[in-house]
Visitor: 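Please find one structure pasted underneath; my questions will follow.
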Protein chains: 2
Amino acid sequence: MSSKPRQPVQAAATTFRIIETLHELNGAGVSELADELEMPKSTVHDHLQTLNEAEYLVKRNGDYHVGARFLELGGFARSQMKLYQIASPEIEKLAEETGEHANLMIEEHGKGIFLNKAKGRDAVNLDTHIGKRVHLHTTALGKAILSKRPESAVDEVIERHGLPRVTEKTLTDADELKSQLAEIRERGYAIDDEERVAGMRCVAAPICDGDGDPLGAISVSGPTNRFNDETFRTEIPKTVLSTANVIEVNMTYS
Amino acid sequence: MSSKPRQPVQAAATTFRIIETLHELNGAGVSELADELEMPKSTVHDHLQTLNEAEYLVKRNGDYHVGARFLELGGFARSQMKLYQIASPEIEKLAEETGEHANLMIEEHGKGIFLNKAKGRDAVNLDTHIGKRVHLHTTALGKAILSKRPESAVDEVIERHGLPRVTEKTLTDADELKSQLAEIRERGYAIDDEERVAGMRCVAAPICDGDGDPLGAISVSGPTNRFNDETFRTEIPKTVLSTANVIEVNMTYS
DNA sequence: CGTGACGTCCGGCGTGGCCGGACAACTATT
DNA sequence: AATAGTTGTCCGGCCACGCCGGACGTCACG
């Protein structure tokens, strides 16, 4: 069992629930929100008014919308901003060279978050928008990050989020995951063979700081038919690894 | 006098104060925050714990940091996202053509917010990061937006935020501002002659929807010595206006 | 081993978060 | 027009909970 969820300031939690659903609904009125959240109109209204006063929301022709204030907060911790800035141009190059999607992911609270992505000329459309949160075990990126963390941390993640199946090929066994992580540690890169999205393969490599702790991971992903065994097992990994290396060097010396 | 600030949910306001200072300090511990905010440690801790539990914050080696969750919320209302997506490539082109800075701004709560910027090869470094909030009357971008709003809206903005001086040349008189806005309406573009940053000039044009209401504005800005009268008064305006026109067309027909 | 700073957590006081309900403004339908 | 059903807003009051002082454990110093 997970430890009891200590939330001493429930009002804050409520506020964020409202903001989240407001974001999901892409703007809404008081009643619509109250209905969706199963809360009294007046309570929702109280929160909305406070947020509007604080300029975190915008009221436009009757509906409330999430404001641009969050953009500013989105430019979050500069340490991660640094990874973002250094990695982004490299991701672009990677996408250009391979013609496929290239991604940058970090870990937070045991989940993977897409920090950036670049589309190559042949890239298919995917559901990976910036900020998207996924389970670590379902992606090569996540496995690359996990491979650089101690076993205790891996156990923690499993206990907290489980290993839910999202496609037929998703890893759902803890031991199987751990043995894959050992492999990844050995060869330096991780792969994902239709484990999060059917028909998509992915190759990822971790980015570490000087202590060997993972800062994030980068990847290239594409449709199975273009990622045949040859490119999938040798060519792409080589490119990804070399790019990861460039980023690591730039991170430590600047 | 501005109307009384109705904030029915003070706890939410407190939470956001904490997040903001956390962001400014680029991560901090409980004591440091409590000191900065002049609040009891325990109160700050309560909020931090709640936010951490909700995964809006990250605790990394002792310090709390603003989490990437805000990135997701930063991809806010799709209508503005649309402007962002359509305008961004045009901004890039603008920066490339002119070699200077090109910017995209929207208005919220009577203030201007930089949605995006592009740096040309000769661009000097500026303080305009994405999400940055400025007074509308201090920038060509802001004046371009104001020029498309009714006088009552302009009065509201003035009443709410005043016309504070930020450089020697800042506009601080309401009538002067309004006569400039009339000029802008006539010729279609706005200028800023060291009114926000000494040594910097700027040319901006509004982006409007089908009803003529302003969605935002774009601009090109550069150092005074490169923006001499010739380029400043004719060349740059022409380029900016034509780009603004392209964006407007793409916004209405897609 | 002491000293100070840290993060965490408990317990209680009293304020304010929360909610039911009233009300005005607006639209649509008859 | 008048009515009926929306909507957003705003009171008033009760009792939960936000807030705070203080205690406690931990860690890094010298």
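Computed from a predicted structure; not experimentally measured. Throughout, protein chains are lettered first and strands after them, A, B, ... in sequence-line order, and every chain is numbered starting at 1.
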Visitor: Which residues satisfy the salt bridge (charged side-chain N to carboxylate O under 4.0 Å, His left out) test with B:Asp127, sequence neighbours excluded?
Guide: B:Lys132, B:Arg196

Visitor: May I ask you to evaluate whether A:Gln49 reaches the phosphate of D:dC10, defined as a side-chain N or O under 4.0 Å from OP1 or OP2?
Guide: yes

Visitor: On DNA chain D, nearest-nucleotide positions of A:Gly29 versus A:Gln10: which is more 5'?
Guide: A:Gly29

Visitor: What is the per-nucleotide protein-contact pattern of nucleotides 19-26 of chain C, from the 5' end, where B denotes a base atom under 4.0 Å from a protein heavy atom, S denotes such proximity for sugar-phosphate atoms only, and - denotes neither?
Guide: BBB-----

Visitor: According to side chain to side chain donor-acceptor pair (under 3.5 Å), does anything in residues 30-41 of chain A pair up with another residue at least two apart or in another chain? List the pairs.
Guide: none

Visitor: Quick one: A:Asp35 CG to D:dG8 P, roughly how many Å, whole number?
Guide: 11 Å

Visitor: I'd like to check the side-chain hydrogen bond (donor to acceptor under 3.5 Å, both in side chains) partners of B:Thr21; sequence neighbours left out, ordered by chain and number.
Guide: none

Visitor: Is the phosphate of D:dT7 approached by A:Tyr64 (side-chain N or O, under 4.0 Å from OP1 or OP2)?
Guide: no

Visitor: Checking B:Glu156 now: which residues fulfil salt bridge (charged side-chain N to carboxylate O under 4.0 Å, His left out) with it, not counting sequence neighbours?
Guide: none

Visitor: Just N and O in the side chain of B:Thr14: are any of them under 4.0 Å from OP1 or OP2 of D:dC19?
Guide: yes

Visitor: What is the separation between atom CD on B:Glu38 and atom C1' on D:dC19, rounded to the nearest whole Å?
Guide: 17 Å

Visitor: Nearest heavy-atom pair of B:Ala144 and B:Ala217: which atoms, and what distance?
Guide: CB-CB, 4.1 Å

Visitor: Sequence neighbours left out, what passes salt bridge (charged side-chain N to carboxylate O under 4.0 Å, His left out) with B:Glu248? Give chain and number order.
Guide: none

Visitor: Return the value, rounded to whole Å, for the distance between atom CD of B:Glu53 and atom C1' of C:dG7.
Guide: 16 Å

Visitor: When you measure from the side-chain N and O atoms of A:His45 to the phosphate of D:dG8, is any distance below 4.0 Å, counting only OP1 and OP2?
Guide: no

Visitor: Using atom CD of A:Glu36 as one end and atom C1' of D:dT7 as the other, report the distance to the nearest whole Å.
Guide: 18 Å

